[in-house]
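This is a predicted model, so every value here is computed, not measured. Lettering follows sequence order; numbering is per chain, from 1.
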Amino acid sequence: MIRLINIQKSYPVGKDKLHVLKGINMQVQKGEMVSIMGASGSGKSTLLNILGILDNYDSGEYFIEDTLIKNLSEKKAANYRNRFIGFVFQSYNLLSYKSALENVALPLYYQGVRSKERNKKALDYLERVGIAEWARHLPSELSGGQKQRVAIARALIAQPKMILADEPTGNLDSKSSQDIMDLFKLIHKQGVTIIIITHEKDIAEQTERIITIKDGLITNS
Amino acid sequence: MFKKEVWKEIYESIKAHKLRTFLTGFGVAWGIFMLVLLLCVGKGFKNGINNQLAGSASNAVEFWGGSTTIPYKGLNVGRSIQLTGEDLTDLKADIHSIEYISPQSNVSNAGTISYGNNNGLYDLSAVFPEFSEIEYLHIGEGRWLDPLDMEQYRKVVVISKKVEDQLFHGRDPIGESITIKGNYYKVVGLIAEDTTRIFNFGMGSTIYLPYSTYKAEFQPDGKIEHFTAVMKDGEDAESAGHKIKKWLAKKYMFDPKDEEALYVYNKARNEKVVGQLFSGVGIFLWIIGCSTLVGGIVGVGNIMLVTVKERTKEIGIRKALGAVPSSIISLVIQEAIVITTVSGFGGLLCASGVLSLIGSVTKSVTYFQHPQVDMNVAFSAIIILVLAGALAGFIPARNASKISPIEALRYE
């Protein structure tokens with residue numbers, strides 16, 4: 001489970017400071033599927049970066065299970081990202097010159113898993129998201145929905161403590177969006193913790209709980 | 001350091017930009033090509049010159065009699081100094097630094113020299129038997145002049161290849177007699193043609209005869225125009241040369257400081273100067289070659305910077321997926337090393353190909369010998385390449401490791 005206690009974050013803007021997060025308190029239980037909603041400028045992206053161990057925060061405490069995520073070295077942060085978090089991005093962020101299979105296997109590469117085992121596992125996860133037959137294709141040969149499935153398989157492969165999805169349906173048509181949401185629900189049923197950042201109400205409503213952020217504070221959860 | 005996966009990553013990255021990588025690599029290949037070519041061509045010239053110098057004893061001083069230009073003990077200027085072969089025998093007895101000494105004096109009035117119906121004009125050169133310790137003549141057939149020839153005033157000669165060709169037309173000259181000024185001279189030896197030498201000053205058409213015979217038949221006063229003294233190992237040619245000059249100055253009454261009474265040429269010093277010249281040229285060639293290479297290295301560094309910039313997003317993704325900074329750094333540096341090393345080897349191969357071509361074309365060019373790539377040059381080139389690759393990759397790699405994943409992911 002994930003716990004954020006009074007997280008504050010500000011950015012310097014010229015001589016002033018822009019206070020983006022003004023004390024975030026939130027918890028996500030193990031196996032929960034929640035969405036974080038907020039308008040642009042609400043602090044949603046900053047919160048995502050902190051959750052994803054992509055950015056530091058000024059004060060407060062952030063726990064993933066019992067591990068305090070604070071002031072980490074780059075190396076440690078990279079290790080935690082690799083083991084704790086599976087990212088799904090709006091723009092998929094697949095490596096264009098690698099096949100679907102290689103993209104999915106990449107997190108295991110950084111764990112030092114051997115190539116054979118990596119590929120076997122990657123194929124297994126591609127099967128779970130339903131596009132095993134596209135394993136050898138490059139991202140450019142796949143549709144948006146298929147690309148996002150590859151991204152989800154990649155996020156799952158390291159068996160992270162949570163999936164962090166940033167506007168996962170933002171680039172998709174409504175049919176593909178629904179397919180992806182159905183896939184998330186399926187994964188959720190298998191016990192994976194999922195946090196979806198979105199500004200689309202109908203997407204958020206498909207999760208168990210909506211956390212709304214406004215002006216750097218959580219207004220409901 | 002180089003795992004199989006890393007190779008694959010590098011291969012894929014290079015494959016994605018074939019032309020660009022090729023052009024970058026070409027800069028390095030060209031640099032190494034020029035460096036190796038310059039060094040080896042320089043070496044070829046050095047080998048050639050060394051070969052020339054190796055054809056005769058190096059710790060040697062040559063002397064020519066001249067005429068005085070400084071008044072000495074009431075004697076006028078303009079007296080010509082005429083040396084004799086007997087002076088040389090005395091010199092050797094008096095000055096212990098001398099190992100070998102021999103005149104090399106041409107008979108000026110030898111006229112046409114003939115064998116049967118064939119004849120020609122040749123240099124007829126009077127020498128001591130130990131002349132062969134001064135100029136390393138290769139005796140192809142027969143023998144060289146010996147002390148008995150000297151003692152007994154024998155009318156024997158050793159002829160050169162060209163003389164043999166023109167007078168004997170392929171017949172075996174050994175034991176035959178040639179006619180010089182109406183007298184028969186027996187040919188006892190034939191000097192094999194030495195193609196490695198250019199500084200032979202017409203030695204190719206020389207006929208050698210013993211000094212004693214020369215004195216008896218052509219030059220009753222025994223005058224010689226030129227002689228060479230080889231000093232013993234470890235003796236300083238310069239000071240031994242001074243001793244010889246002083247000895248001769250005393251005998252012929254001229255000022256030892258008179259440069260023109262007796263011309264002195266110190267071969268040892270000359271070789272030292274040539275040696276220094278070539279090491280100077282060698283350093284210069286290194287500098288030019290390395291400068292060319294620097295251009296290539298900067299090119300690789302530049303292209304790696306572009307690559308890193310282009311792959312900002314990819315590096316961001318990798319970092320988000322758990323790539324530690326050191327894995328990004330080593331990937332970039334290794335890619336740079338691979339590009340420089342592979343293309344550098346290409347340049348090295350091309351250079352050795354071109355050099356062996358040059359070598360075979362210039363085989364007969366005596367002042368240019370064996371311009372091959374030696375282990376020394378190849379080894380330095382490889383070390384330079386790897387260092388260059390690491391250097392070229394260093395700044396781009398540092399930039400890459402500083403990329404923040406948040407910004408990289410936002411980067412389109």
Side-chain angles (χ1 to χ4, degrees), chain A residues 11 45-56 72-99 102-116 118-119 138-139 151 154-158 160 164 166-167, chain B residues 1-21 303-304 306-332 334-335 338-339 397-412:
Chain A
Y11 291 109
S45 300
T46 307
L47 180 59
L48 167 82
N49 290 338
I50 289 169
L51 281 172
I53 325 180
L54 295 167
D55 206 352
N56 286 319
L72 302 174
S73 70
E74 275 219 54
K75 194 176 168 188
K76 197 116 196 175
N79 278 330
Y80 284 170
R81 277 198 294 271
N82 182 264
R83 289 195 287 122
F84 291 169
I85 297 156
F87 286 98
V88 175
F89 301 97
Q90 177 176 357
S91 52
Y92 327 119
N93 283 341
L94 301 175
L95 300 189
S96 58
Y97 60 88
K98 287 187 179 290
S99 70
E102 288 168 322
N103 265 289
V104 173
L106 205 56
L108 296 184
Y109 168 66
Y110 289 115
Q111 286 182 3
V113 177
R114 289 167 59 90
S115 151
K116 218 172 181 176
R118 238 164 43 209
N119 289 342
L138 292 177
R154 183 178 66 183
L156 286 170
I157 197 165
L164 206 54
D166 181 18
E167 305 279 4
Chain B
M1 184 181 175
F2 280 94
K3 284 189 292 182
K4 191 181 150 209
E5 277 83 8
V6 175
W7 279 113
K8 202 158 170 268
E9 295 272 312
I10 292 170
Y11 169 72
E12 274 166 1
S13 162
I14 288 172
K15 201 177 73 177
H17 304 287
K18 274 184 228 123
L19 181 64
R20 193 170 75 188
T21 310
I303 220 69
M304 289 311 294
V306 173
T307 306
V308 165
K309 189 87 191 151
E310 273 187 359
R311 293 169 71 183
T312 297
K313 193 174 173 97
E314 179 194 329
I315 290 166
I317 297 169
R318 285 172 181 273
K319 283 190 166 183
L321 295 179
V324 292
S326 62
S327 79
I328 302 284
I329 289 178
S330 68
L331 190 67
V332 174
Q334 286 173 37
E335 184 175 329
V338 166
I339 294 177
R398 217 186 43 188
N399 284 4
S401 76
K402 279 184 184 159
I403 290 172
S404 130
I406 314 170
E407 270 154 43
L409 291 171
R410 214 177 288 150
Y411 185 92
E412 291 297 331

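Only the side chain of N49(A) comes within contact range of chain B, with heavy atoms under 4.5 Å apart. Contact of K98(A) with chain B is made through the side chain alone, with heavy-atom distances under 4.5 Å. Proximity to chain B involves both the backbone and the side chain of L54(A), based on heavy atoms less than 4.5 angstrom apart. Heavy-atom distances place no part of R83(A) under 4.5 Å from chain B, backbone and side chain included. Looking at E102(A), the atoms closer than 4.5 Å to chain B (heavy atoms on both sides) all sit in the side chain, from C-beta outward. Proximity to chain A is absent for every atom of S404(B), based on heavy atoms less than 4.5 angstrom apart.
Legend: residues meeting ring-ring contact (aromatic ring centres under 6.0 Å, His included) with F84(A), ordered by chain and number and at least two apart, are Y80(A). In this view, R311(B) and E314(B), E335(B) satisfy the salt bridge (charged side-chain N to carboxylate O under 4.0 Å, His left out) rule, not counting sequence neighbours.
When each of A323(B), P405(B), S327(B), P325(B) is checked for heavy-atom pairs under 4.5 Å with chain A, A323(B) comes out on top.
Here the CG atom belonging to L95(A) is positioned 10.5 Å from the NZ atom belonging to K313(B), to the nearest 0.5 angstrom. Remark: E74(A) CD to K319(B) NZ distance equals 4.5 Å, nearest 0.5 Å. Between atom CG of residue L106(A) and atom CG of residue L321(B) there is a gap of 5.5 Å, rounded to the nearest 0.5 Å.
The two residues G322(B) and N82(A) make their nearest non-hydrogen contact at CA-CB, 3.7 Å. Across all non-hydrogen atoms, the minimal contact from A320(B) to F87(A) is O-CE1, 3.4 Å. Counting all heavy atoms, side chain and backbone alike, L94(A) lies closest to I317(B) at O-CD1, 4.2 Å.
For R20(B), the CZ atom counts as densely surrounded, since its 6.0 Å shell holds more than 12 non-hydrogen atoms of other residues, nucleotides or ligands. Within 6.0 Å of OH on Y11(B) lie no more than 12 heavy atoms contributed by other residues, nucleotides or ligands.
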